[in-house]
Amino acid sequence: MQKKLKLWDAIMLVMGSMIGSGIFIVTADMMRNLGSGFWLIIVWVITGIMTVAAAISYGELSALFPKAGGQYTYLKEIFGKRMGFLYGWGLFTVIQTGTIAAVAMAFGKFTAYLVPALNDAAPIFQSGEFKITWIQILAIAIILLLTYINTRGVESGKLLQNIFTGSKIIALLGLIAAGFILVDISHLAENFSFGYDSFSNLTKDKFGNFLKEGWEPIGGMTLLGGIAAAMVGSVFSSVAWESVTFVSGEIENPKKNVVKSMIYGTTAVMILYIAVNYVYLNALDRDSIAFAENDRVAVAASHFIFGSAGTAIIAVLVMVSTFGCNNGLILAGARVFQTMAKDGMFFKQAEKNNKNTVPENALWMQGIWASVLCLSGQYGNLLDMISFVIVLFYMITVFGVIYLRFKKPELERPYKTWLYPVTPVIYLLIGTVFCILLLIYKQQYTWPGFLLVLVGLPVYYFINRKNKVQE
């Protein structure tokens with residue numbers, strides 16, 4: 001593969017893949033689970049520590065295995081083909097493609113703010129609860145357009161990524177500045193006045209609307225459960241930074257630049273996220289955050305900061321953000337499926353590069369399946385279910401750093417994990433507590449996704465049997 005991506009391009013890929021639609025939406029649900037500005041910020045700080053600790057740990061593996069395929073390659077090299085396949089299976093069935101579908105749908109929904117006819121139009125097709133809307137068609141069109149652009153060569157995808165990521169970073173910085181300069185009445189002190197106390201409000205009326213007067217004090221294990229539930233949102237908003245490892249084969253000096261891009265990119269994004277949440281706490285009171293219409297807390301804050309033009313401003317920002325995010329996800333994901341095909345673990349056609357030296361077939365397979373998920377309407381549920389599994393795979397990969405130190409201490413490590421073993425252990429401890437609390441309190445986020453990945457086991461054995469027969 002040609003080395004066409006520089007360090008700056010890799011950083012833009014990390015940041016662009018992370019910043020999608022989550023930061024504009026998830027804070028509402030987080031506030032309903034926590035009821036306190038103090039705990040809201042604490043959860044974002046915990047998520048930030050987790051994310052950067054994982055990126056620092058991954059750096060050692062990226063320097064050891066500077067190949068395309070990233071996390072799939074790490075898991076395969078450390079724990080064997082079966083573990084690598086299960087990750088790749090989860091990535092194709094829902095982790096990467098489901099995220100692409102969800103981000104494209106967010107683009108469509110926020111476009112509908114600017115073009116109300118999209119919201120008002122009758123469904124193209126409807127049978128019971130299943131329906132196909134023009135927003136879904138727009139989401140599919142965006143996926144196919146970005147897939148086509150990326151088949152034209154990595155230069156096209158890189159240029160688009162840098163433009164859109166740069167734009168949304170500037171826009172977020174502008175929102176953060178305006179959120180403190182233009183706000184006449186600050187709610188920051190009020191939102192932090194609850195101190196260490198926490199509250200939950202998940203009570204709904206018969207129509208499914210949350211009741212504003214239902215705040216209940218929580219503490220002890222119930223608070224831990226609330227923190228875990230809130231972290232589903234912050235973790236979902238902070239994943240996909242590992243996408244840069246998928247394209248290691250196309251990055252200049254990958255042994256150094258991949259780890260630098262992950263650490264610089266994740267640190268910058270988590271600082272931005274915490275600052276944006278301070279803006280929400282400054283511009284809005286607790287109820288306005290928790291009960292923002294359709295959870296669009298960024299729209300509510302922007303309306304308060306900029307007046308009636310706020311809705312249009314935030315809609316454009318989310319459209320830019322989701323467009324750039326999806327470009328990064330599409331660019332990176334196909335490289336994993338190409339690497340799997342080379343290992344005999346995916347459709348053989350995905351192995352080929354086109355005349356522009358990019359995996360065109362893998363790109364279209366990814367794009368078509370993501371489009372199917374858009375039509376299914378189930379991608380949101382699938383992503384909720386898979387968040388637990390994403391963290392599990394992160395934990396297995398981070399554990400791989402410690403495992404290799406004992407198993408193969410003689411390996412030359414161009415980069416060694418900073419503060420080893422403290423850094424990987426921090427991630428493993430936080431991740432373990434998060435997963436255990438979800439298993440106890442929010443099982444709808446755990447078992448379905450875990451079972452979906454386990455379905456990959458019979459597929460793996462079938463592929464392996466087929467490969468042995470051919471040999």
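Residues take their numbers from the sequence shown, with the count starting at 1. Values reported hereafter were calculated over all heavy atoms of this structure, with side chains retained and with hydrogens, waters and symmetry mates removed.
Taking CE from Met50 and CG from Leu428, the interatomic distance works out to 9.5 Å, rounded to the nearest 0.5 Å. Atom CE of residue Met319 and atom OG1 of residue Thr111 lie 3.5 Å apart, to the nearest 0.5 angstrom. We find the CG-CD distance between Leu91 and Glu242 to be 8.0 Å, quoted to the nearest 0.5 Å. With rounding to the nearest 0.5 angstrom, the CD1 atom of Ile135 is 11.5 Å from the SG atom of Cys374. Distance check: Thr99 OG1 to Ile330 CD1 gives 11.5 Å after rounding to the nearest 0.5 Å. Rounding to the nearest 0.5 Å gives a distance of 10.5 Å between CG of Asn33 and CD1 of Ile227.
Pairs engaging residues 7-33 under the salt bridge (charged side-chain N to carboxylate O under 4.0 Å, His left out) rule: Asp9-Lys158, Asp29-Arg32, Arg32-Asp295 [sequence neighbours left out]. For residues 430-439, no residue pair satisfies the salt bridge (charged side-chain N to carboxylate O under 4.0 Å, His left out) rule, not counting sequence neighbours. Among pairs with a residue in residues 303-317, none fulfils salt bridge (charged side-chain N to carboxylate O under 4.0 Å, His left out), at least two apart in sequence or across chains. Listed by first and then second residue, the ring-ring contact (aromatic ring centres under 6.0 Å, His included) pairs involving residues 144-168 are Phe164-Phe323 (not counting sequence neighbours). Applying the ring-ring contact (aromatic ring centres under 6.0 Å, His included) test to every pair with at least one member in residues 24-53, sequence neighbours left out, gives these pairs: Phe38-Tyr196, Trp44-Tyr273.
Looking only at distances, no side-chain donor or acceptor of Trp241 sits under 3.5 Å from a matching main-chain atom of Met262. A donor-acceptor pair is defined here as one N or O able to donate and one able to accept, closer than 3.5 Å; no such pair exists between the side chain of Asn201 and the backbone of Gly35. Side-chain atoms of Ser321 never come within 3.5 Å of backbone atoms of Leu317 as a donor-acceptor pair (strictly under, hydrogens ignored). Judged purely by atom type and a 3.5 angstrom limit, Glu360 has no side-chain atom pairing as donor or acceptor with the backbone of Thr151. Checked by atom type and distance alone, the side chain of Asn257 pairs as donor or acceptor with a backbone atom of Glu252 at under 3.5 Å. Counting only distance, with no hydrogens or angles, the side chain of Ser57 and the backbone of Val398 share no donor-acceptor pair below 3.5 Å. Thr423 contributes no side-chain N or O that, together with a main-chain N or O of Tyr420, makes up a donor-acceptor pair within less than 3.5 Å. In this structure, the side chain of Asn326 does not engage the main chain of Ile143 through any donor-acceptor pair within 3.5 Å.
Among Val52, Ile56, Ile271, Ile11, the one residue that satisfies the side-chain contact (heavy atoms from CB on, under 4.5 Å) test with Thr266 is Val52. Between Leu281 and the options Arg286, His187, Met31, a side-chain contact (heavy atoms from CB on, under 4.5 Å) holds for only Met31.
The side-chain heavy atoms of Ser21 and Met105, taken from C-beta on, include no pair separated by under 4.5 Å. Within the 4.5 Å cutoff, no side-chain heavy atoms of Phe110 are placed close to those of Thr322. Val14 places none of its side-chain heavy atoms less than 4.5 Å from the side chain of Tyr264. For the pair Leu331 and Phe246, the minimum side-chain heavy-atom distance is 4.5 Å or more. Using a 4.5 Å cut-off on side-chain heavy atoms (C-beta onward), Ser198 and Leu34 make no contact. Within the 4.5 Å cutoff, side-chain heavy atoms of Ile176 are placed close to those of Leu272. Here the side chains of Phe434 and Val232 are in contact, with some heavy-atom distance below 4.5 Å. Using a 4.5 Å heavy-atom cutoff, the side chains of Arg335 and Val358 are in contact.
In this structure, Ala315 and Tyr113 approach most closely via the heavy-atom pair CB-CB, 3.9 Å. Of all non-hydrogen atoms in Leu61 and Val401, the two that sit nearest each other are CG-CG2, 3.8 Å. Contact detail for Tyr427 and Ala53: the closest heavy-atom pair is CB-CB, 4.2 Å. The shortest non-hydrogen separation linking Trp134 to Ala121 is CD1-CB, 3.6 Å. Closest heavy-atom contact between Met395 and Cys435: SD-SG, 4.1 Å. Here the shortest heavy-atom pairing between Leu373 and Ser376 reads O-OG, 2.7 Å.
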Test log, rule side-chain hydrogen bond (donor to acceptor under 3.5 Å, both in side chains), inputs Gln71 and Tyr87:
CA-CA 8 Å; Gln71 192 169 352; Tyr87 172 72; 3.1 Å; yes
Apply side chain to side chain contact (heavy atoms under 4.5 Å, CB included) to Asn150 and Ser156, showing your working.
CA-CA 6 Å; Asn150 277 281; Ser156 302; over 6 Å; no
Could you walk me through whether Leu40 and Tyr280 pass the side chain to side chain contact (heavy atoms under 4.5 Å, CB included) check?
CA-CA 11 Å; Leu40 179 70; Tyr280 297 156; 6.0 Å; no
What verdict does the side chain to side chain contact (heavy atoms under 4.5 Å, CB included) test give for Val279 and Phe180, after you've listed the backbone C-alpha separation in whole Å, the side-chain angles of each residue and the deciding distance to 0.1 Å?
CA-CA 7 Å; Val279 167; Phe180 287 99; 3.7 Å; yes
Should Asn162 and Trp8 be marked as a side-chain hydrogen bond (donor to acceptor under 3.5 Å, both in side chains) after you check the CA-CA gap, both sets of side-chain angles, and the distance that decides it?
CA-CA 9 Å; Asn162 289 351; Trp8 177 253; 4.7 Å; no
Go through the steps for Asn277 and Ile23 under the test side chain to side chain contact (heavy atoms under 4.5 Å, CB included), then give the verdict.
CA-CA 8 Å; Asn277 276 276; Ile23 186 60; 3.6 Å; yes
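Under the 30°/60° scheme for interplanar angles, the aromatic rings of Phe388 and Phe450 are found to stand perpendicular.
Taking Glu190 as the reference, nothing meets the salt bridge (Lys or Arg N to Asp or Glu O under 4.0 Å) condition, with sequence neighbours excluded. Scanning for ring-ring contact (aromatic ring centres under 6.0 Å, His included) contacts around Phe65 gives an empty result, with sequence neighbours left out. Looking at residues two or more places apart in sequence or on another chain, you find a ring-ring contact (aromatic ring centres under 6.0 Å, His included) between Phe194 and Phe199. Shown here are the salt bridge (Lys or Arg N to Asp or Glu O under 4.0 Å) partners of Lys255, two or more places apart in sequence or in another chain: there are none. When the salt bridge (Lys or Arg N to Asp or Glu O under 4.0 Å) test is applied to Glu216, no partner is found at least two apart in sequence or on another chain. Checked against salt bridge (Lys or Arg N to Asp or Glu O under 4.0 Å), Glu60 has the following partners two or more places apart in sequence or in another chain: Arg405, Arg413.
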Please tabulate, for side-chain N and O atoms in residues 299-312, each donor-acceptor pair with protein atoms closer than 3.5 Å (sequence neighbours left out).
from: Ser302; atom 1: OG; to: Gly310; atom 2: O; distance (Å): 3.0

